[in-house]
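Below, chain A is the first sequence line, B the second, and so on; all start at residue 1. Quantities reported herein were computed from a predicted structural model and do not represent experimental measurements.
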Amino acid sequence: MKLSKSSSVLSVVSNVDKHSTNTNLTTLFNKYVDKNNVFSWNSVIADLARGGDSVEALCAFSSMRKLSLTPTRSTFPCAIKSCSALHDLHSGKQAHQQAFIFGFHRDVFVSSALIDMYSKCGELSDARKLFDEIPQRIRNIVSWTSMLTGYVQNDNAREALLLFKEFLLEESECGGASENSDNVIKMDLEESVIVGTSIIDMYCKCGQVDLARKAFNQMKEKNVRSWTAMIAGYGMHCRAREALDLFYKMIKAGVRPNYITFVSVLSACSHAGLVQEGWHWLNTMGHEFNIEPGVEHYGCMVDLLGRAGKLKEAYDLIEGMKVKADFVVWGSLLGACRIHKNVDLGEIAAKKLFELEPNNCGYHVLLSNIYANAGRWEDVERTRSLMKNRRLAKTPGFSLVELRGKVHAFLVGDKEHPQHEKIYEYLEELNVKLQEVGYVTDMTSVIHDVDQEEKEMTLRIHSEKLAVAFAIMNSVPGSTIRIIKNLRVCGDCHTVIRLISKVVDREIVVRDSKRFHYFKDGLCSCGDYW
DNA sequence: GTAGGGTTAG
């Protein structure tokens, strides 16, 4: 029995007893023969939920209810957990209602499970309401973690950190810290692997890949996820050689790579243009490691071939795939068509993307850029009016830079920042210096058909340039500048920042939406390959 | 019986 994630399980299982052919369920029924015993049902539901058979777990829950057995408090956490796993809000609400009817909704296990369920279904305010309703004396580490994770998984890091501070405060008030006066938390081995892996990931995503490696080396116990996090970290920093070296080391150490490990390996290859290496792993992962390439692996391979300019090969790969191409696959091809200025394949990819993701404005912008680059202004206009008709707004680019513990944000063409006049003046100064070292404005990222001067103005105010100028003006000479940008850095900004690093003799690290660029002495770690 | 780490396109 396979259901799509969005379908509501509890409402479609009314005939489960007649139609269920599921072997797991049948086996479990045979194992727990007493159908009239609620504890038998609890065990069945728990076993299925723990084993990841969420649909079956909910079927069992539903069957049990139809026998008019009265659920106990332990019936609900597993049933609700299954709703979480399926992101099935409808069934989750039904389970919530029933827990309420039987008076178990105040149980801390039930409320923690409900917080998780509402969060996973994107209903954060409902989750928070439940969290706030848990009396302090019974609120435990799992309730806190469920709520924290809810914020994190819904991209609300700010709320997560605020809540974490609240947690620390409550801990110290309740004497949690006095028992651990050294603030030492005792972890078991499994917990330490989870924390270690998170630390690796955190350092990698903050641009400190060497600190990540240090943490990795210090971990006594590692598992496949720890290795994969480190491999992926090298990949996003364009250090493909180290990513692959670590991958070989991992195999040698007897750790079996999994599906995601291969995504990370192929992604590392694509950031460095290692076409041969990429083909090798795509072709051998199936028979050597028993992991058949899935849509994510093809996505990386299309990206790899596309960036390397092998657009036809990339397109042929998509056409020959056993799995259905998704938006990542077509998005990779479209991105490659922008880099290598291929209008025809770009149109094919865009057409697919408009079907798959009709509300994503990014693809319209990309296609429009491809047209602009080819001087096809009528097509540019057509694409832009299509966007307008569908009320799709271009995502505004912004950049963040941290200075003495405070984060400064810049929008495209920002005129809000208190120092914006000085910043623009300084950018003018820099521009003169850049032209002295041979810089010519790159126009390919401008989608409007306007005169030369206006084009240059449009480019000059991209948020990353503002952030870089601001950071240079306000930081100690020689210190490293770190920028975070929400979109990909454009070709012109990449060139400008590269040259700025030479002119002002600064290291500049830019993390764009997916990866890192290290600018130093007029060069970038990506070797201008991205 | 509840929670917690790694991946791909723009």
Length of the [atom1]-[atom2] vector between [X] and [N], whole Å:
{"X": "A/Leu148", "N": "B/dA3", "atom1": "CG", "atom2": "C1'", "answer": "10 Å"}
{"X": "A/Arg50", "N": "B/dG1", "atom1": "CZ", "atom2": "P", "answer": "5 Å"}
{"X": "A/Met250", "N": "B/dT7", "atom1": "CE", "atom2": "C1'", "answer": "13 Å"}
{"X": "A/Asn140", "N": "B/dG4", "atom1": "CG", "atom2": "P", "answer": "14 Å"}
{"X": "A/Leu130", "N": "B/dA3", "atom1": "CG", "atom2": "P", "answer": "15 Å"}
{"X": "A/Met147", "N": "B/dG4", "atom1": "CE", "atom2": "P", "answer": "13 Å"}

For [N] and [X] - does any side-chain N or O of the residue sit under 4.0 Å from the phosphate oxygens OP1/OP2?
{"X": "A/Lys120", "N": "B/dT2", "result": "no"}
{"X": "A/Gln153", "N": "B/dG4", "result": "yes"}
{"X": "A/Lys205", "N": "B/dT7", "result": "yes"}
{"X": "A/Lys81", "N": "B/dA3", "result": "yes"}
{"X": "A/Arg515", "N": "B/dA9", "result": "no"}
{"X": "A/Arg338", "N": "B/dA9", "result": "no"}

Taking only the side-chain heavy atoms of [X] (C-beta and beyond), determine which of [options] contains the nearest atom.
{"X": "A/Val328", "options": "B/dT8, B/dT2, B/dG10", "value": "B/dT8"}
{"X": "A/Asn258", "options": "B/dT8, B/dG6, B/dG4", "value": "B/dG6"}
{"X": "A/Val110", "options": "B/dG1, B/dA9, B/dG6", "value": "B/dG1"}
{"X": "A/Tyr363", "options": "B/dA9, B/dT8, B/dG1", "value": "B/dA9"}
{"X": "A/Lys514", "options": "B/dG6, B/dG1, B/dA9", "value": "B/dA9"}
{"X": "A/Ala113", "options": "B/dT2, B/dT8, B/dA3", "value": "B/dT2"}
{"X": "A/Ser332", "options": "B/dA3, B/dG4, B/dA9", "value": "B/dA9"}

ask   = Would you call A/Lys310 and A/Asp316 a salt bridge, using N to O less than 4.0 angstrom?
value = no

remark   = When rounded to the nearest 0.5 Å, the distance separating CG of A/Leu487 from SG of A/Cys493 is 11.0 Å

query = To the nearest 0.5 Å, what is the distance between CG (A/Asn373) and NZ (A/Lys341)?
reply = 4.0 Å

ask   = On a plain distance test, is the side chain of A/Asp107 in donor-acceptor contact with the base of B/dG1 below 3.5 Å?
value = yes

query = Quick one: the side chain of A/Ser264 and the base of B/dT7, do they pair up donor-acceptor inside 3.5 Å?
reply = no

Need one value for [X]: base, sugar-phosphate or nothing, where a base atom within 4.0 Å counts as base even if backbone is also close, heavy atoms only.
{"X": "A/Ala232", "value": "sugar-phosphate"}
{"X": "A/Arg139", "value": "nothing"}
{"X": "A/Val108", "value": "base"}
{"X": "A/Val193", "value": "base"}

request  = Decide if the gap between the ring center of A/Phe131 and the ring center of A/Trp144 is smaller than 6.0 angstrom.
outcome  = yes

Which atom pairs, donor and acceptor, lie under 3.5 Å between side-chain atoms of residues 197-207 of chain A and protein residues at least two apart or in another chain?
{"from": "A/Thr197", "atom 1": "OG1", "to": "A/Val193", "atom 2": "O", "distance (Å)": "2.7"}
{"from": "A/Thr197", "atom 1": "OG1", "to": "A/Ser226", "atom 2": "OG", "distance (Å)": "3.2"}
{"from": "A/Ser198", "atom 1": "OG", "to": "A/Ile194", "atom 2": "O", "distance (Å)": "2.9"}
{"from": "A/Asp201", "atom 1": "OD1", "to": "A/Lys205", "atom 2": "NZ", "distance (Å)": "3.0"}
{"from": "A/Asp201", "atom 1": "OD2", "to": "A/Lys205", "atom 2": "NZ", "distance (Å)": "3.2"}

inquiry  = Suppose we screen for ring-ring contact (aromatic ring centres under 6.0 Å, His included). Which residues come up paired with A/Phe516, at least two apart in sequence or across chains?
reply    = A/His237

